A.B. asks: 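Sharing a structure, written as structure tokens. Questions coming.
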Amino acid sequence: MKGFKDFLLRGNLVELAVAFIMAAAFTAVVETFTAMLMDVIGMLGGMPDFSKTSIAGISVGAFLTALVSFVIIAAVVYFGIVLPYNKARERFTKPTEEAPAGPTQEELLSEIRDLLKAQRA
């Protein structure tokens with residue numbers, strides 16, 4: 001039972017659950033925003049839904065509607081979540097001191113070569 005409790009209380013699982021819940025809640029926001037933008041595109045282009053569009057007898061309308069929706073959703077996620085998160089992370093994380101650079105691969109190989117020469121002599 002202790003192992004199960006540790007599994008449930010492990011940080012990654014809790015963070016994943018919170019992320020899933022937030023994503024589910026955010027989905028409704030993004031879907032309504034996308035529908036709103038599709039209406040605006042429809043008002044400008046005269047066709048709010050491309051599902052009946054066909055080119056040379058090939059129905060490409062559903063694909064076009066899905067593609068436009070995907071681009072809108074990707075833009076909302078990037079500009080609404082990813083960009084602000086990266087800026088906040090840069091602002092609030094302290095820069096870590098870089099570890100002193102160790103010897104390069106060539107220097108290590110030269111040292112090994114010299115040690116092997118010294119052992120033969």
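Because the structure is a prediction, the values reported are computed rather than measured.
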A.B. asks: Can you tell me which residue pairs pass the side chain to side chain donor-acceptor pair (under 3.5 Å) test with a partner in residues 71-89, sequence neighbours excluded?
C.D. replies: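 Sorted result for residues 71-89: N86-R89.
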A.B. asks: Name all residues meeting the side-chain contact (heavy atoms from CB on, under 4.5 Å) criterion together with R120; count only those two or more places apart in sequence or in a different chain, and write none if there are none.
C.D. replies: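 With sequence neighbours excluded, R120 shows a side-chain contact (heavy atoms from CB on, under 4.5 Å) to no residue whatsoever.
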A.B. asks: Suppose we screen for side-chain contact (heavy atoms from CB on, under 4.5 Å). Which residues come up paired with L115, at least two apart in sequence or across chains?
C.D. replies: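 Only E111 meet the side-chain contact (heavy atoms from CB on, under 4.5 Å) criterion with L115.
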A.B. asks: Taking side-chain contact (heavy atoms from CB on, under 4.5 Å) as the definition, give me every residue that meets it alongside T104, ordered by chain and number, with sequence neighbours left out.
C.D. replies: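 With neighbours one apart ignored, the set is E106, E107.
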A.B. asks: State the CE-CD1 distance between M36 and I72, to the nearest 0.5 angstrom.
C.D. replies: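 Those atoms lie 9.5 Å apart.
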A.B. asks: Mind checking what makes side-chain contact (heavy atoms from CB on, under 4.5 Å) contact with L109, not counting sequence neighbours?
C.D. replies: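 Checked L109 against side-chain contact (heavy atoms from CB on, under 4.5 Å); matches are Q105.
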A.B. asks: Check whether more than 12 heavy atoms from other residues, nucleotides or ligands sit under 6.0 Å from atom CZ of R91, and answer yes or no.
C.D. replies: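 No, because the 6.0 Å sphere around CZ of R91 holds 12 heavy atoms or fewer from other groups.
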A.B. asks: Find the distance between CD1 (I81) and CZ (F26) and round it off to the nearest 0.5 Å.
C.D. replies: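 These two atoms lie 4.0 Å from each other.
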